[in-house]
Each structure stands twice: as structure tokens, then as C-alpha cells.
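Remarks on the structure that follows.
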There are 2 protein chains.
Amino acid sequence: MAAGNLPVSPLAVPLPEMPPVPGARLATGMAEIRYRAREDVTLMAFPQGTTVAGVFTRNRCPGAPVDWCRAALAKGGGRARGLVVTAGNSNVFTGRAGRETCEATARVMAELLGCRPREVFLASTGVIGERLPTEKLTGALPGLMPSLSEANWHAAARAIMTTDTFPKAATRTARIGEATVTINGIAKGSGMIAPDMATMLCFVATDARLPAAVQQRLLKRGVDRSFNRITVDSDTSTSDTVLLFATGAARHPRVPAAGGPILRDFARALDDLLLDLALQVVRDGEGAQKLVRIDVTGAVTARSAHRIAMAIANSPLVKTAIAGGDANWGRIVMAVGKAGEPADRDRLSVAVGGVWMAREGGVIPGYDETPVVEHMRGREIEITVDIGLGRGSATVWTCDLTHGYIDINGSYRS
Amino acid sequence: MAAGNLPVSPLAVPLPEMPPVPGARLATGMAEIRYRAREDVTLMAFPQGTTVAGVFTRNRCPGAPVDWCRAALAKGGGRARGLVVTAGNSNVFTGRAGRETCEATARVMAELLGCRPREVFLASTGVIGERLPTEKLTGALPGLMPSLSEANWHAAARAIMTTDTFPKAATRTARIGEATVTINGIAKGSGMIAPDMATMLCFVATDARLPAAVQQRLLKRGVDRSFNRITVDSDTSTSDTVLLFATGAARHPRVPAAGGPILRDFARALDDLLLDLALQVVRDGEGAQKLVRIDVTGAVTARSAHRIAMAIANSPLVKTAIAGGDANWGRIVMAVGKAGEPADRDRLSVAVGGVWMAREGGVIPGYDETPVVEHMRGREIEITVDIGLGRGSATVWTCDLTHGYIDINGSYRS
């Protein structure tokens with residue numbers, strides 16, 4: 001199934017208006033890496049002094065661009081001048097050829113920007129195991145430079161898509177001291193979307209001026225509260241990448257090296273933007289018909305609550321029940337039990353759509369099923385589980401498991 | 001979807017002829033616990049001196065019958081006289097009522113057999129969270145006693161089914177000294193089969209005479225090599241139960257308390273029988289169209305190899321690719337990487353149907369795709385992954401993920 005042939009997710013949300021982020025310029029174009037007649041290359045260019053933070057896949061077999069970014073972050077002192085993103089080929093499991101593609105791309109882009117290759121970041125998404133045609137990519141870059149503009153966020157959100165069914169973007173403002181800064185982000189993907197099409201990518205830019213260590217800490221924290229709380233199918237891409245660029249163009253008081261209270265509003269806005277984008281990714285989950293929020297309370301720790309919530313969110317039996325409109329709390333109990341975390345069957349309580357169906361180890365006799373049935377017919381499902389042991393809580397999001405998932409992922413590679 | 005309405009799995013195998021196991025008598029009957037007009041109760045009765053071993057679900061929210069069996073094993077010194085199995089209601093998440101059902105069932109059965117309640121073992125499979133109608137069950141038991149017979153293995157294999165599409169049984173013989181003993185087993189389930197229908201159950205009987213500790217050790221080892229190497233959907237039932245009864249009716253040399261070489265052939269036959277039954281369970285996996293064997297070699301340890309193999313077997317993206325006939329080694333690489341075990345992308349090799357497609361981190365240029373395409377069209381798929389780091393190896397089995405799985409599990413509870 002080729003990109004663009006899938007019906008738009010019923011959970012799609014429209015693109016918001018995206019203001020410029022002073023200093024961050026974008027361009028998109030066609031390199032025909034895999035797709036024909038659509039834009040598949042996205043560039044970002046940043047002014048001198050821009051800092052960068054990154055969070056990457058935990059998959060032990062990452063793609064060459066992930067290796068490149070990790071090394072650039074570690075050796076480049078958190079400085080960035082450019083970003084090159086390709087859609088259609090992930091440059092994963094391509095051995096030495098993959099590394100050479102990264103080096104050549106960064107070298108050409110660095111020459112165009114007048115910076116060092118280590119200040120250029122790379123991300124790719126698409127087919128695994130095929131060589132990325134380096135010359136097509138590097139040959140396309142010079143022609144894109146004149147179109148770099150602070151206004152191209154919508155085009156970039158579209159050009160990084162593979163088989164996403166809608167483009168994903170979000171924007172926020174935040175106060176730092178008396179100044180207002182902007183944070184823009186775009187994202188693509190939902191676990192692994194279609195035959196051989198992998199990867200969740202997210203690129204965020206702000207005009208705030210941040211110490212690199214603080215920036216990395218804020219991004220890590222924000223990703224833990226957003227992208228690390230969503231799951232579509234439990235499969236971890238080899239290319240997941242979240243990058244945050246800060247151009248420093250805004251005029252706000254200097255942020256101390258340790259961060260601190262001056263960044264409180266910025267951190268809140270960044271967390272909010274990342275969660276917005278993460279939920280858009282779930283809304284475009286393969287075959288998704290329903291967005292599911294799972295709240296776990298009363299676990300022994302927050303970490304334990306998170307693991308239990310993820311066990312529920314990744315259970316094929318829970319997800320198929322939701323697809324069928326079935327508030328199947330028996331399967332939820334099963335998923336709690338299989339998480340391997342402390343749980344006592346006789347203290348468990350389960351609510352769906354705010355209605356408690358089971359409490360302390362047994363079904364509540366005569367609970368009112370009508371509002372539950374109504375809730376399960378909707379697009380947004382809420383499941384609450386109280387473990388009854390402690391004060392640890394967590395929230396995660398997922399989508400249902402439908403025939404659409406099988407259609408998308410079980411069709412023969414074209 | 002009600003039991004019996006599903007088409008028989010294309011991977012089904014016929015019931016073998018089942019010889020008697022001297023001392024083990026079986027009966028089946030109708031208690032109408034949930035189903036109408038089909039047998040839903042299975043009894044086994046054993047002579048004095050019968051020993052028992054058991055292995056149970058690791059789910060932290062087990063059903064009342066699992067609690068009962070664990071306590072009976074721990075407090076009863078490994079002795080057994082009877083077994084009562086019900087299909088249609090799992091007696092899980094039923095609180096005090098569930099415990100009382102277990103106590104009443106064991107008490108009535110013990111009176112009928114002239115033994116202590118702790119010598120009666122219990123297992124149930126079916127809907128979660130509904131009270132099991134105790135009187136229907138206990139009331140049915142006396143009428144079944146006259147039909148207890150060593151010949152009823154086929155009927156028992158059918159009566160323990162819920163939405164299994166074919167009955168599952170296996171038989172082996174083994175030499176202990178100069179004597180030949182018989183081992184019979186029946187099983188049901190495949191993870192969790194249909195709306196609210198959970199559980200894998202397996203009951204094995206032999207006429208061997210075994211020290212209880214040796215019997216437990218042999219069973220544990222055999223389950224580790226069979227049922228713990230299969231997965232359908234990664235969901236762990238709240239009721240999984242494997243019981244091995246040894247009547248001691250065979251005339252063979254006394255087995256020493258420590259076991260030892262005299263049991264070598266018995267252990268081999270038991271392992272073989274358990275693997276046979278486990279593979280029958282996979283062959284009846286929800287919606288299964290293909291049986292998949294995954295061999296992992298070259299991992300740092302056997303445990304690491306097992307985890308990597310299970311990550312591949314549980315990956316929805318790998319399973320849907322197999323359903324679509326796609327030898328998608330990129331998804332296999334992804335699954336290796338997400339297992340969290342030591343792996344080096346640049347040393348990985350992947351074969352499908354015996355043909356190496358990727359070696360040491362990259363696709364093999366010009367490998368012959370024809371036999372791979374042919375292999376993927378078949379019913380039995382073989383995937384081999386060499387990690388290239390050490391000498392740990394493991395084999396697991398699973399099935400593909402198809403529209404049938406969504407049909408079975410996503411339909412509204414009737």
C-alpha cells in the first residue's frame with residue numbers, strides 16, 4: 001500500500017496556524033528518493049548560536065542517521081545549524097553505505113550553510129535495508145536553499161510524512177521573564193505505519209536562548225511525559241528521533257546554567273506541545289478508530305503504574321475489545337496481572353468512562369451499564385484502574401486494534 | 001461469537017488414538033454452566049498413591065481454581081485422587097464466591113472418591129467475572145461417577161474446549177528400566193481465544209510411579225521447553241494450568257528419590273508430548289493461518305536468545321507481515337533491536353525458509369528471492385536469526401496475526 005492511499009484517520013485534527021519561530025527557516029522539495037511527485041526532503045536552517053537537544057530510539061539496531069545525531073550531539077557541544085530529513089527510505093540496516101550517505105549529506109549541507117558537518121542533524125524514515133540514493137539527496141540540496149523561509153512549517157509537516165494520513169503540527173508560546181517566546185513542532189509516524197515504513201520523528205524549534213544542558217534535560221523530561229506515554233503496537237522503530245532546536249533569537253533575560261524557575265512556563269508549554277504532537281501520532285495509529293486514555297492509580301510506585309498502564313495499552317485483547325465497543329474489564333484485569341508488577345486481585349477496581357464496573361476484586365452487582373455502552377461507542381475511550389496498594393499513578397494513551405491494522409501491515413510489499 | 005461457530009483452523013491436526021493409562025479414569029458430562037447441549041464438565045479419578053505436579057500462570061491476578069491447586073499442591077504433599085474441569089466460566093475475579101465454589105466442588109468430589117478435598121484438583125476456563133453456578137456443578141458430579149472409564153480421553157479433549165476449533169491430545173510411551181509406561185495428555189486454548197474466553201489448560205496422566213519432587217522437576221522442565229516457548233498474542237491468561245498425574249500402576253523398578261538416568265527416556269517422552277500439545281495450541285491460535293518457528297542463535301546466553309525470539313514472535317508487525325506472505329526481514333531486525341538484549345546491528349544475519357537474506361548488518365545483494373517467496377506461501381514458516389555475539393540459542397513458536405484475530409476478539413460480547 002503506497003503512501004497517500006489510506007483514508008484519513010477519523011481521529012485526525014486540523015493543522016493549526018503556525019507563527020514563525022524567529023531564526024528558524026525551513027524548505028521542502030522533491031528528491032524522488034522513493035516517492036514520485038511529492039515532496040520528500042525537508043531542510044531546516046538555524047542562525048549561529050543555535051543549541052540542540054535530542055532524544056532517540058532505544059532500539060538496539062538504530063539507523064545510520066540516529067548514530068549520526070548521537071555522535072553530533074556528543075561531539076558538537078550541543079550546537080546546530082541545520083537539519084535534513086528524508087521520507088521514503090529510513091537508511092536503516094544499510095551498513096557502511098548508510099554511514100557514507102550520512103557523512104556526504106552533512107558535508108554538502110554544511111558547505112551550503114557555512115558550518116561544520118557536526119552542526120548538521122539528520123533523520124530519515126521509510127523502507128529498511130535499501131541504500132538511500134545519496135546523489136539524489138545531496139544533488140537536491142543546493143536548489144532548496146533559496147526557498148528557506150520562516151513560513152514553511154505546514155509544508156514541512158507534510159513533507160516528512162510517509163503513510164501518515166494527516167500532517168501533525170503544534171505551536172505554543174511561553175513567558176521567559178518579561179519576554180514571550182514561540183515553540184513550534186512537527187511530527188510524523190505512529191510506531192511503524194505501513195509495510196516497511198517505520199519511525200516516529202518530531203522536530204521542535206524555539207527562539208528561546210537556552211543552556212545546552214538545560215535544554216537536553218527539558219526535552220528528556222518532556223518526551224518522558226509525552227512520546228514515552230503512547231503506544232500503538234508495542235513495536236519500537238529503529239529511527240525514532242525527537243530534536244529541539246533553540247535559536248536564541250528572542251530577547252529575554254539570560255537563563256542561568258542550572259535553569260531554574262525562570263523556565264517554569266517554558267517547560268510547561270514545551271511539555272504541552274510535545275503531548276499534543278504525541279497524541280496526534282496516536283490519532284494516526286495504524287487502523288485507529290478510537291483514542292484510548294488509560295489512567296492507573298494506587299500502584300506501589302509511579303514506575304509500576306506506568307508499566308501496568310503500558311501492559312493494558314499493549315494488550316491485543318484489550319485493544320480488540322475496544323475496537324468492538326466492548327468494555328471488557330476481564331481483559332483489563334488480565335493485562336494488569338501480566339504486567340509483572342505488584343497487584344492484588346482482591347483490591348483491584350476498574351472504571352470505564354468514569355463508571356466503576358468492578359471494585360476490590362469483583363464485578364459491582366447491578367452497576368449501570370447504559371452510560372458505559374454509550375461511552376464505548378464514542379471516539380475517545382477512558383479506562384481507569386485503581387490497584388489499591390499505594391500512591392503511584394500514570395497515564396498513557398493508545399488506540400484500538402482493528403482490521404485496518406491488518407490491512408495496512410499485512411499487505412504484500414509493493 | 002459462541003463456541004463451535006468458528007471454522008476449524010487450517011493448521012488443525014487429527015486426534016491420535018489414545019491408549020488407556022492404567023489407573024486413570026475419565027468421565028465427561030453436561031452441567032450447563034454456560035453452554036447448552038454440549039459437555040462442559042470433565043472428571044478424572046486416580047487410585048490411591050497417585051502423585052501430582054503442577055505449573056501455573058505467572059499472571060498476578062490468577063483465578064480461584066489456580067489458587068486452590070497451588071494450595072493443594074503445597075499442603076497435600078503432592079498426592080492426588082481427582083480432577084474437576086469446567087468449560088464456559090473461568091471462576092476468575094469472583095472474590096469470595098469463587099473461593100467457596102472451589103471448596104464446595106472439592107468437598108463433593110472428595111466425598112464421591114473417598115479422599116480428602118486437598119487431593120482434588122480444579123481448573124476452569126471461560127468467562128471472567130461471573131459467578132460459577134456452584135450447585136449446577138456439584139449437582140452434576142454424582143451422576144458422572146458411573147461413567148468413569150480409562151477409555152474416555154477423546155471425550156475429555158472435547159469437553160475442556162471453549163472456542164478451540166479442534167480437540168488436542170497426544171500420547172507417548174517410555175521405557176523405565178525394562179517396563180514400558182504410557183503418557184497421555186490433553187490440552188485446550190491458545191492464549192485467550194474469544195470474547196472473555198481465556199486460558200490454556202493441559203492435563204497429563206501416566207502410569208509411572210514417580211517421587212513427587214522428581215515429578216515436579218520433570219514437569220517444570222518440560223513446560224519450560226514447550227508451553228513457555230509458544231505465544232499467540234503475548235497475553236497471559238489468568239488460569240493457565242498444566243497438571244501431571246502419575247498413578248504408579250506400572251510395574252517398573254523403583255525410581256530413586258533423586259531421579260537420575262532411569263528416567264532419561266521418560267523425560268524425553270514427556271518433553272516430546274508437552275511440545276506436541278503446545279504446538280497444537282499454537283495451531284489453534286486465534287485466526288492462525290500459519291505456524292511460525294523462530295530460531296535464534298549466536299546470542300550472548302540462552303536466556304537472551306529466548307527473549308529475542310519472543311520479541312520477534314510477539315511483534316504485531318512481524319506477525320502481520322507473515323500473514324501477508326511478506327518475508328519482511330526489516331521488521332525482524334526491528335524486533336531484535338527492541339528486545340533490549342545485547343545485539344549488534346552490524347553482526348546480525350536473518351534467514352527465512354533456510355535462505356539467508358541479510359548477513360552482518362546488510363541485505364545480501366542478489367540473494368535468490370524465489371524460494372523465499374515460495375516458503376512464505378506455505379503453512380509452516382521458519383525464521384532464523386543469528387546475533388553473531390555468542391553461543392546462546394533458543395527456539396519459539398507462534399502464529400501469524402490475521403483478520404481472524406480481530407473478528408474473534410473484536411466482536412461484541414454476546
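So you know, we letter chains A, B, ... as the sequences are listed, proteins then strands, and number each from 1. As the structure is a computational prediction, the values presented were derived from the model and not from experiment.
In B:Arg131, the CZ atom is not crowded: 12 or fewer heavy atoms of neighbouring residues, nucleotides or ligands sit closer than 6.0 Å. Atom CZ of B:Arg70 is surrounded by more than 12 heavy atoms from other residues, nucleotides or ligands within 6.0 Å. Within a 6.0 Å sphere centred on CZ of B:Arg379, other residues, nucleotides and ligands contribute more than 12 heavy atoms.
Looking only at side-chain heavy atoms (C-beta outward), A:Asp346 and B:Arg96 stay at 4.5 Å or farther from each other. A heavy-atom distance below 4.5 Å is not found between the side chains of B:Val333 and A:Ile128. Counting heavy atoms from C-beta on, the side chains of B:Lys338 and A:Thr57 never come closer than 4.5 Å. Taking the side chain as every heavy atom from C-beta outward, B:Tyr405 and A:Ile406 never approach each other to under 4.5 Å.
In terms of non-hydrogen atom pairs under 4.5 Å with chain A, the most contact-rich of B:Gly340, B:Ala339, B:Ala335 is B:Gly340. When A:Gly95, A:Gly361, A:Gly362 are compared by the number of non-hydrogen pairs under 4.5 Å with chain B, A:Gly361 comes out ahead. By number of non-hydrogen pairs under 4.5 angstrom with chain B, the leading residue of A:Ser315, A:Ala323, A:Ala343 is A:Ser315. Comparing A:Val336, A:Thr402, A:Val92 by how many heavy-atom pairs each has under 4.5 Å with chain B, the most go to A:Thr402.
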*Output, in order, the C-alpha distance, side-chain angles, deciding distance and verdict of side-chain contact (heavy atoms from CB on, under 4.5 Å) for B:Asp407 and A:His403.*
CA-CA 8 Å; B:Asp407 282 334; A:His403 283 296; 2.9 Å; yes
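Interface residue A:Leu348: backbone and side-chain heavy atoms are both found under 4.5 Å from chain B. Only the backbone of A:Glu341 has a heavy atom closer than 4.5 Å to any heavy atom of chain B. Contacts of B:Thr94 with chain A are made by backbone atoms alone, with heavy-atom separations under 4.5 Å and no side-chain atom involved.
B:Asn314 contributes atom CG, which lies 10.5 Å from atom CG of A:Asn314 (distance to the nearest 0.5 angstrom).
Between B:Arg345 and A:Asp67, the shortest heavy-atom distance links the atoms NH2-OD2, 2.7 Å. Across all their heavy atoms, B:Val363 and A:Gly129 have their closest contact at CG1-O, 3.7 Å.
Judged as a salt bridge (Lys or Arg N to Asp or Glu O under 4.0 Å), and not counting sequence neighbours, B:Arg60 has no contacts.
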